[in-house]
Amino acid sequence: TGLRSIALSSDDVLACTVSKNIAKVWNVKSRSCLRSLPLASVSSKKEGSYGLCSVFLPGDTHVVIGTREGYLLIVDIASGEVVFTEKAHEKEIWSIDIKKPSGY
């Protein structure tokens with residue numbers, strides 16, 4: 001399925017790509033996939049969540065993914081687990097922005 005989102009870590013070492021029900025974390029320099037992160041089903045569908053957008057959280061250990069079903073998923077990169085799920089909207093979440101604290 002087509003690529004829906006690309007996000008870079010704060011140091012540009014990692015990239016996260018999202019397509020349909022999987023996210024992948026890449027080493028930018030070597031262009032190698034470090035981890036595939038299945039997006040666990042948060043609805044009654046069996047095929048999982050449909051990822052549309054993504055952003056790294058500060059510290060670059062977690063990625064937030066917005067879904068077609070209106071959920072925000074926080075994924076731990078090291079474990080590959082969805083550690084937090086929130087039904088944020090009734091419909092699609094097309095973009096996410098993280099505001100950095102002043103002086104960051």
Side-chain angles (χ1 to χ4, degrees):
T1 304
L3 185 66
R4 301 291 180 205
S5 171
I6 300 173
L8 288 173
S9 61
S10 62
D11 57 6
D12 297 334
V13 170
L14 300 175
C16 177
T17 58
V18 176
S19 64
K20 197 169 180 183
N21 57 1
I22 194 160
K24 292 187 177 191
V25 177
W26 302 82
N27 178 298
V28 172
K29 186 174 181 179
S30 68
R31 294 185 276 177
S32 60
C33 180
L34 302 176
R35 180 173 294 278
S36 292
L37 310 167
L39 303 179
S41 179
V42 292
S43 64
S44 59
K45 296 179 180 180
K46 292 182 180 177
E47 67 269 11
S49 297
Y50 196 114
L52 295 175
C53 56
S54 60
V55 65
F56 280 87
L57 289 178
D60 299 327
T61 60
H62 293 79
V63 175
V64 180
I65 297 170
T67 73
R68 181 172 66 182
E69 300 84 13
Y71 286 89
L72 288 172
L73 310 177
I74 298 180
V75 181
D76 182 295
I77 294 171
S79 71
E81 298 290 323
V82 175
V83 296
F84 182 79
T85 302
E86 179 73 29
K87 177 72 170 164
H89 291 277
E90 292 302 313
K91 294 192 175 186
E92 302 89 353
I93 298 176
W94 290 106
S95 65
I96 305 169
D97 188 26
I98 301 293
K99 181 178 167 86
K100 294 183 174 72
S102 59
Y104 193 87

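Residue numbers count from 1 along this sequence.
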Peer 1: Nearest 0.5 Å, please: how far is CG in L72 from OG1 in T67?
Peer 2: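 Here the interatomic distance stands at 7.5 Å.
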Peer 1: If every non-hydrogen atom of S54 is compared with every non-hydrogen atom of C16, which pair is closest and at what distance?
Peer 2: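 That would be OG-O, 4.0 Å.
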Peer 1: Distance-only, no hydrogens or angles: does the K87 side chain make a donor-acceptor pair with backbone N or O of E69 under 3.5 Å?
Peer 2: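 Judged by distance alone, yes, a pair lies under 3.5 Å.
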Peer 1: State the CD1-NE2 distance between I74 and H62, to the nearest 0.5 angstrom.
Peer 2: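 So the gap between those two atoms works out to 7.5 Å.
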Peer 1: What closest approach, in Å, do L14 and F56 show between heavy atoms, and which atom pair accounts for it?
Peer 2: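 That would be CB-CZ, 3.9 Å.
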Peer 1: Say whether V83 and L34 are linked into one hydrophobic cluster, either directly or through other cluster members, by side-chain heavy-atom distances under 4.5 angstrom.
Peer 2: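 Each belongs to a different hydrophobic cluster.
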Peer 1: When rounded to the nearest 0.5 angstrom, what is the spacing between CD in E92 and OH in Y50?
Peer 2: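 These two atoms lie 10.5 Å from each other.
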Peer 1: Can you sort out the partners of E86 under side chain to side chain contact (heavy atoms under 4.5 Å, CB included), two or more places apart, ordered by chain and number?
Peer 2: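 Counting only residues at least two positions away or on another chain, E86 forms a side chain to side chain contact (heavy atoms under 4.5 Å, CB included) with F84.
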Peer 1: Calculate, to the nearest 0.5 Å, the distance between atoms CZ and CD1 belonging to R4 and I65 respectively.
Peer 2: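 That separation rounds to 14.0 Å.
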Peer 1: Considering non-hydrogen atoms only, spot the tightest contact between I98 and P58 and give its length.
Peer 2: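 Result for this residue pair: CG2-CD, 4.1 Å.
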Peer 1: Spell out, as yes or no, whether a donor-acceptor pair under 3.5 Å connects the side chain of S5 to the backbone of C53.
Peer 2: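 Pair absent, no side-chain N/O of S5 close to backbone of C53.
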Peer 1: Check the hydrophobic clustering (I, L, V, M, F, W, Y; side-chain heavy atoms under 4.5 Å; chains of links allowed) and say if L73 and V55 are grouped together.
Peer 2: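 Unlinked, L73 and V55 end up in two clusters.
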Peer 1: Quick one: does R68's side chain have a donor or acceptor within less than 3.5 Å of a partner on I93's backbone?
Peer 2: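 A pair under 3.5 Å: no.
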Peer 1: Report the hydrophobic cluster partners of V28, with the cluster defined as I, L, V, M, F, W, Y residues connected by side-chain heavy atoms closer than 4.5 angstrom, directly or transitively.
Peer 2: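 Taking Ile, Leu, Val, Met, Phe, Trp and Tyr as members, V28 shares its hydrophobic cluster with L8.
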Peer 1: Would you tell me whether S32 and N27 have side-chain atoms, one donor and one acceptor, within less than 3.5 Å of each other?
Peer 2: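 No - no donor-acceptor pair under 3.5 Å links their side chains.
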Peer 1: Which value, rounded to the nearest 0.5 Å, describes the distance between K24 atom NZ and S36 atom OG?
Peer 2: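 The distance works out to 4.5 Å.
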Peer 1: Given side chains that start at C-beta, do those of V18 and L52 come closer than 4.5 Å, heavy atoms only?
Peer 2: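 V18 vs L52: side chains apart.
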Peer 1: Apply the side-chain contact (heavy atoms from CB on, under 4.5 Å) test between V25 and each candidate in V75, L37, D60; give the one that qualifies.
Peer 2: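 Passing option: L37.
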Peer 1: Would you say Y71 and V82 are hydrophobically clustered, going by side-chain heavy atoms of ILVMFWY under 4.5 Å?
Peer 2: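 Result: yes, single cluster for both.
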Peer 1: Treating N21 as the side-chain partner and S49 as the backbone partner, does any N or O pair qualify as donor plus acceptor under 3.5 Å?
Peer 2: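 Pair absent, no side-chain N/O of N21 close to backbone of S49.
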Peer 1: Decide yes or no for V63 and I77: does some side-chain heavy atom of the first lie under 4.5 Å from some side-chain heavy atom of the second?
Peer 2: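 In contact.
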